[in-house]
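Ligands are counted one by one from 1 in listed order, and the atoms in each one are counted from 1 as well. Both backbone and side-chain heavy atoms feed into the values below; hydrogens, waters and symmetry mates do not.
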Amino acid sequence: MDKKALEALLQDMSLEEKVMQLVQIPGSEYEADAEITGVTRGQADDKVKRLAGSTLGVWGSKRLKKIQQQYIKEHPHHIPLMFMLDVIHGHKTVFPCPLGQGATFDPEGVKKGAEVQAREASADGVHATFSPMADLCRDARWGRIMESTGEDKFLNSRMAVAMVEGYQGDDLKSPEHVAACVKHFAAYGAGEGGRDYNNTELSEHTLREHYLRAYCEAIKKNPAMVMTSFNTINGIPATGNTFLMKKILREEFGFKGVLISDWAAVGEMINHGFAEDQKDAALKAMMAGVDIDMTSGCYSGYLEELVKSGEISEKMLDEAVLRVLNMKNDLGLFDDPFRGIDPEVGAAVTEESRKHARKVVAESLVLLENKNKALPLNKSDSEKIAFIGPFANTKRLQSSWAFSGEDENTVTVFEAASEIYESGNIKFAEGCTMMDQDSVTARGICHVDNWQEKNEKLLSEAVEAAKWADTIVLCLGEDSTQSGEATSKASLKLPEVQLRLLSEMSKTGKRIVTLIFTGRPLELADVAKLSDAILVCWLPGTEGGNGVMDVLSGMTSPSGRLPVSFPYTVGQEPLHYDMYSTGRPKPASGPSEYTSRYLDCENGALYPFGYGLSYTNFEYSEASLSKEKMTSDETLTASVKVRNIGDMKGDVIVQLYLRDITGSRVRPVRELAGFERVSLNPGEEKEISFAIKEEMLRFWTAEEKWESEPGKFNVWVCDSSVDGTPLEFCLE
Ligand code: GLC
C-alpha cells in the first residue's frame with residue numbers, strides 16, 4: 001500500500017479503531033497455550049480482541065493463519081493483526097544464548113544465526129521478534145546478563161547490528177525475515193544491586209558514553225521497533241521518560257519506527273509512583289512517545305477518553321497509529337496478511353540449520369584452564385571416559401527464553417559422545433540433582449522428593465563410574481531457570497550439591513575436565529583448584545552436545561573469548577574491565593597501602609574480558625603503529641604479527657584496545673575498539689592491522705559534546721583485556 005493510501009486509511013478509521021492499533025494483548029486471548037511472559041491482567045473484552053493491533057506469545061503457521069483469517073474478517077477496515085514473539089536466540093533451531101554468542105566474537109556467524117531464526121519464526125507466522133537485547137551488563141547478579149552479549153559496548157554494538165541485519169535482511173516484506181526490536185531502552189542492565197527492574201542512577205556522561213552506545217549503533221540499521229525498559233533512570237521510568245524517548249531516541253538517534261512498551265510497563269508507572277492511575281499512565285506514556293502499550297490495558301482503557309478531552313491531541317494519536325500501520329505495510333501485511341506462510345508446513349529444524357548452530361556452539365566455548373593438556377580428550381580407543389553431572393545427558397541446554405524450541409531436538413553431551421566413542425569406553429552418571437533442595441527459580445521452588453536419598457544414590461553411582469574411568473568429564477552449571485528475567489542472585493556459587501560432587505570426584509584422583517553450563521559468570525576459583533580443565537559452555541541450545549564434543553574431541557580447537565568478566569567473588573560486582581584508574585590505582589605488584597584496593601580480594605577478574613585459551617599457542621610480535629602522530633582527518637594503523645607456534649590449527653581473536661590518557665573527563669584504562677577472528681595453521685603467521693580513526697577517539701566531554709580531544713593515547717593489539725604492552729600515539 002502506498003503512503004497516500006495508508007493516510008487515507010488512517011483518516012477513514014474511527015477513533016476507537018485508531019486507539020486499538022496501539023494496543024497489544026497476550027496471545028492467550030487467541031490461543032490458550034500461548035506463552036505468557038509477564039503478569040497478566042484478566043481477560044480482554046471482545047471489542048479489544050476484535051480491534052487490538054497486535055498480539056504476542058503465539059506461533060504456528062496453521063494456528064496463526066486461522067486467527068488472522070477470523071481477525072481480518074471482523075475488523076471494520078480489515079487491517080491485519082501483527083504477531084510478535086521472543087525469538088532471542090532461536091525458534092526451532094536454538095542457538096547458544098546471546099551471552100554465548102557474544103563469546104564467539106563472530107558477528108558474521110551471529111548474523112547468519114539470526115537469519116536462520118527469522119526464517120523459522122516467519123514460517124510459523126511470526127512478524128516481529130523482541131530482539132536484539134542491546135543492554136550493557138556489568139553485573140553478574142542480574143539474571144538477564146544471559147540475554148545480553150556482555151559488558152563491552154563495542155562488542156555489544158557489533159552483535160546488536162549483526163542481529164538486526166540478520167533478522168530484517170534488506171526487505172521486510174520477504175517471508176525469510178521478521179521485524180527486529182532493539183531492547184530494553186535504556187540502561188536496564190544498570191539496576192542497583194543487580195536486582196531486576198530496579199532503579200538505575202546514571203550520570204548523563206555514563207549513560208551516553210557506555211549504556212546508550214549499542215542501542216545507538218543498532219538503531220542506525222533501522223530496526224522496525226524499540227522497546228522501553230522497566231527501570232527508572234535517575235528517578236523517571238523509561239516508559240514515561242520524554243528526555244530519553246523524545247530527545248535522545250527520536251531527535252538524536254533519528255528513530256522513526258515503532259516504540260513499544262515492555263510487558264505492562266505503562267501501567268507499572270503507578271507502582272513506580274510516577275503515575276496516579278491507569279489514565280495518568282496512558283497520558284505519560286503517550287507524551288513520551290510510546291506507540292504500543294504491551295498488555296497493561298491503559299491505552300485500551302483510557303486513550304480514547306484522553307483524546308476526546310484533548311489531553312492527547314488527535315494529531316499525536318495519528319502519528320503513533322501511522323507508525324504502526326507503516327510497520328504492517330513494511331512487513332507486506334496489507335498485500336498478504338499471511339506473508340506466504342503454508343499452514344501445512346510450519347518451521348522445523350533442518351540439517352543446514354543444525355550445521356550452523358553447531359559451528360556457533362563450538363565458537364562460543366571458552367577454555368579457561370587446561371593443565372597439562374588435559375584437553376583435547378585422548379583419542380586412543382582404550383581411553384575410558386565418564387560423563388558425570390546433571391548437565392551430562394540433559395536436553396535442557398537452552399535458556400528460559402527459548403520456549404518455542406522443543407527439548408527433544410537437543411543433542412545432549414553424552415549422546416554426542418556416543419557418536420564418537422565406542423560404547424564400552426564411555427559411561428554416564430547423573431551424579432547429583434541440578435540444584436540444591438527447594439532452590440528458587442523463575443518457575444518457582446524446585447523441590448525433589450527424597451532429595452537426600454536420591455543424591456546419595458546418584459553420588460555412589462558417580463563414584464563407581466569415576467573409579468572405572470581414566471578421565472571424568474564433569475558437566476556442572478546453573479539451571480536454565482536460574483537466569484533470564486526476574487532471576488537476580490546474590491550468590492554466584494555453584495549449588496552445594498554440585499560442589500560436593502566435584503569434591504568427591506577429585507578424591508578419586510582421576511583427570512577432571514569440568515564443563516560449566518551457565519547464563520552468567522560464576523565463582524570458579526574453587527572449581528579451578530580441583531579441575532584439570534574448565535570449559536565454559538554457556539546455554540548452548542539444540543546442537544549443544546555436538547558443538548561441545550567437537551571441541552572436547554579435538555576436532556576443533558576452542559576459540560571463544562569471555563564477553564564478560566568472571567569474578568573471584570560476587571563482592572566485586574558490578575565488575576568490568578573498562579574501569580577508571582582512580583587517583584590511587586593499585587600497582588600491579590608491590591605495596592598497595594593507600595591505594596584503591598580490597599584487603600581481601602584482587603581488583604580485577606579471575607578470568608578477564610577477552611580471555612580464552614586454545615589447544616594451540618599463539619605468539620604476538622612486532623606490534624607497531626604506522627606513525628606516532630595523527631590529525632583528526634588522518635588514519636593511523638596499528639599492526640601486530642601473530643604466529644601459531646603449536647601443533648594444532650586454531651582461531652585467535654586479536655583485540656584492539658585504546659586508552660585516552662588525559663581528557664576533560666577521566667577515561668577508562670582500556671576500551672575495546674576492534675577485534676578480528678584469525679585462523680592459523682601450525683607454524684603459520686599473519687600480520688593483523690586495525691585502522692584507528694578520529695571518530696573512534698570521541699567521548700562525552702566535560703563540555704557535554706561528543707568529541708575527541710588532542711593528546712596522547714595508548715594502543716594495545718593483543719590477546720585479552722589484560723594482555724599486551726601499550727604503544728603510544730598523539731592526536732594533534
Ligand atoms: C518481557 C521482557 C521482554 C520481552 C517481553 C515480551 O517482560 O522484559 O524482554 O521481550 O516481555 O515477552
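If you check which protein heavy atom lies closest to atom 4 (C) of ligand 1, you get Asp86 OD1, 3.2 Å. The closest protein non-hydrogen atom to atom 9 (O) of ligand 1 is His184 NE2, 2.6 Å. Nearest protein heavy-atom neighbour of atom 11 (O) of ligand 1: Asp262 OD1, 3.0 Å.
Of all atoms in ligand 1, listed by their number and element, those nearer than 4.0 Å to a heavy atom of Lys183 are 3 (C), 4 (C), 9 (O), 10 (O). Proximity to Phe230 (heavy-atom distance under 4.0 Å) selects the following atoms of ligand 1: 7 (O), 8 (O). Here is the list of ligand 1 atoms found below 4.0 Å of a heavy atom in Leu56: 6 (C), 12 (O). Residue contact check: Trp263 has heavy atoms under 4.0 Å from atoms 7 (O), 11 (O) of ligand 1.
Contact annotation for Gln24 and ligand 1: no heavy atom of the residue comes within less than 4.0 Å of the ligand. Counting heavy atoms closer than 4.0 Å to ligand 1, residue Glu485 contributes side-chain atoms (C-beta onward) but none from N, CA, C or O.
No side-chain donor from either of Asp262 and Thr228 sits under 3.5 Å from a side-chain acceptor of the other.
Residue Glu35 places every heavy atom at 4.0 Å or more from ligand 1. Ligand 1 is never approached by Met84 to a heavy-atom distance shorter than 4.0 Å.
Distances between N or O atoms of Trp401 and those of ligand 1 include no value under 3.5 Å.
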task: For salt bridge (Lys or Arg N to Asp or Glu O under 4.0 Å), just list the numbers for Asp291 and Arg250, CA-CA rounded to whole Å, side-chain angles, deciding distance to a tenth of an Å, and then say yes or no.
output: CA-CA 12 Å; Asp291 296 316; Arg250 294 288 185 192; 3.0 Å; yes
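Side-chain contact between Ile36 and Trp263: present, with at least one pair of heavy atoms (C-beta onward) separated by less than 4.5 Å.
Note on ring orientation: taking the six-membered ring where Trp is involved, the planes of His91 and Trp59 are perpendicular (angle over 60°, cut-offs 30° and 60°). Relative orientation of the Trp142 and Tyr188 rings is perpendicular, given thresholds of 30° and 60° on the angle between their planes.
With hydrogens and angles disregarded, no donor-acceptor distance shorter than 3.5 Å links the side chain of Ser229 to the backbone of Lys183.
Of the candidates Glu120, Glu408, Glu406, Lys92 forms a salt bridge (charged side-chain N to carboxylate O under 4.0 Å, His left out) with just one, namely Glu406.
Separation of atoms CD1 (Ile341) and NZ (Lys65) is listed at 6.5 Å; rounding is to 0.5 Å.
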